[in-house]
Amino acid sequence: MPHRMKPTVRLAALGVAIALAAACTGSGGGSSDRPTPATTTPAGSPVAAVTGPPGAALYHYANTGLDATIQFEGDTGTLTIQNGTGHELAAPGFYILDARDGTRIKGTVRDPAPVPDGETQEFTVSFKGLEDKNIGLVVLMIGSDNYGAFAPQ
């Protein structure tokens, strides 16, 4: 015959079940239905809040010493690269995947140039053939290397 659970164990199990349900449904008291984007930063490094003007499509990328934001207003915008990697970065680029069908949309960086270590540079960017609402994924390129996706902000 199975053993009966003690009242303390039942209450603990109920508490765990409620906590898990709240975490899964997002009812943990947050003010947004949108998930918080994950970024990779060195342990102990603060992650700066990234904001842009109303109506802008804003994306952020952070990975060990490299911090990049790309902001679109329509089909043009600005790419900002902060290089703290310890070495010069090749000229940046990007592409976009259309959320509707995965089509790759080539982005253009005007006057791309390498970014020396310890410096921040801004680049004017553009793309064609896609509305902001259909941006599925924005991917950072450094030289010919795919550095991965920006997180929407």
Side-chain angles (χ1 to χ4, degrees), residues 14-153:
L14 178 61
V16 169
I18 290 171
L20 287 173
C24 291
T25 62
S27 61
S31 61
S32 173
D33 291 337
R34 200 169 140 198
T36 303
T39 57
T40 305
T41 57
S45 295
V47 176
V50 180
T51 60
L58 183 65
Y59 299 86
H60 183 238
Y61 176 93
N63 192 354
T64 314
L66 172 58
D67 193 271
T69 56
I70 194 164
Q71 178 177 310
F72 299 116
E73 291 186 51
D75 59 0
T76 62
T78 304
L79 169 63
T80 304
I81 303 283
Q82 296 176 336
N83 182 4
T85 63
H87 57 85
E88 182 176 80
L89 294 173
F94 73 99
Y95 65 87
I96 299 170
L97 294 181
D98 187 323
R100 298 168 296 181
D101 61 10
T103 301
R104 186 173 170 162
I105 309 294
K106 184 180 182 331
T108 301
V109 177
R110 185 182 306 153
D111 302 324
V115 181
D117 182 45
E119 291 192 21
T120 298
Q121 291 187 5
E122 284 192 359
F123 302 91
T124 300
V125 297
S126 62
F127 62 93
K128 293 185 183 200
L130 189 66
E131 295 178 59
D132 287 352
K133 68 180 184 177
N134 294 321
I135 294 175
L137 195 65
V138 181
V139 178
L140 176 64
M141 301 290 292
I142 299 294
S144 61
D145 295 330
N146 180 328
Y147 270 51
F150 285 84
Q153 299 297 292

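We're numbering straight along the sequence, starting at 1. Just so you know, these numbers come straight off a predicted model, no measurement behind them.
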Quick check: do [X] and [Y] have side-chain heavy atoms less than 4.5 Å from each other?
X: Ile96; Y: Leu130; answer: yes
X: Ile105; Y: Leu97; answer: no
X: Gln82; Y: Leu66; answer: no
X: Ile135; Y: Tyr59; answer: yes
X: Val125; Y: Ile70; answer: yes
X: Asp75; Y: Ser126; answer: no
X: Asn146; Y: Tyr95; answer: yes
X: Asp67; Y: His60; answer: yes

### Query
Can you list the residues that meet the ring-ring contact (aromatic ring centres under 6.0 Å, His included) rule with Tyr147, with sequence neighbours excluded?
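ring-ring contact (aromatic ring centres under 6.0 Å, His included) check on Tyr147 returns nothing, list empty.
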### Task
Go through the structure and list residues passing ring-ring contact (aromatic ring centres under 6.0 Å, His included) with Phe94, not counting sequence neighbours.
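With neighbours one apart ignored, the set is Phe72.
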Enumerate, atom names and distances included, each donor-acceptor pair closer than 3.5 Å involving a side-chain atom of residues 109-124, sequence neighbours excluded.
from	atom 1	to	atom 2	distance (Å)
Asp117	OD1	Thr85	N	3.4
Asp117	OD1	Gly86	N	2.8

Would you give the length of the straight line joining atom [atom1] of [X] to atom [atom2] of [Y], rounded to the nearest 0.5 angstrom?
X: Leu58; Y: Asp132; atom1: CG; atom2: CG; answer: 11.5 Å
X: Glu131; Y: Arg100; atom1: CD; atom2: CZ; answer: 7.0 Å
X: Asp98; Y: Leu137; atom1: CG; atom2: CG; answer: 11.5 Å

### Task
Would you check if the side chain of Asn83 reaches a backbone N or O of His87 as a donor-acceptor pair within less than 3.5 Å?
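Answer holds: yes.
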### Query
What's the verdict on side chain to side chain contact (heavy atoms under 4.5 Å, CB included) for Tyr61 and Val139, showing C-alpha distance, side-chain angles and the deciding distance?
CA-CA 9 Å; Tyr61 176 93; Val139 178; over 6 Å; no
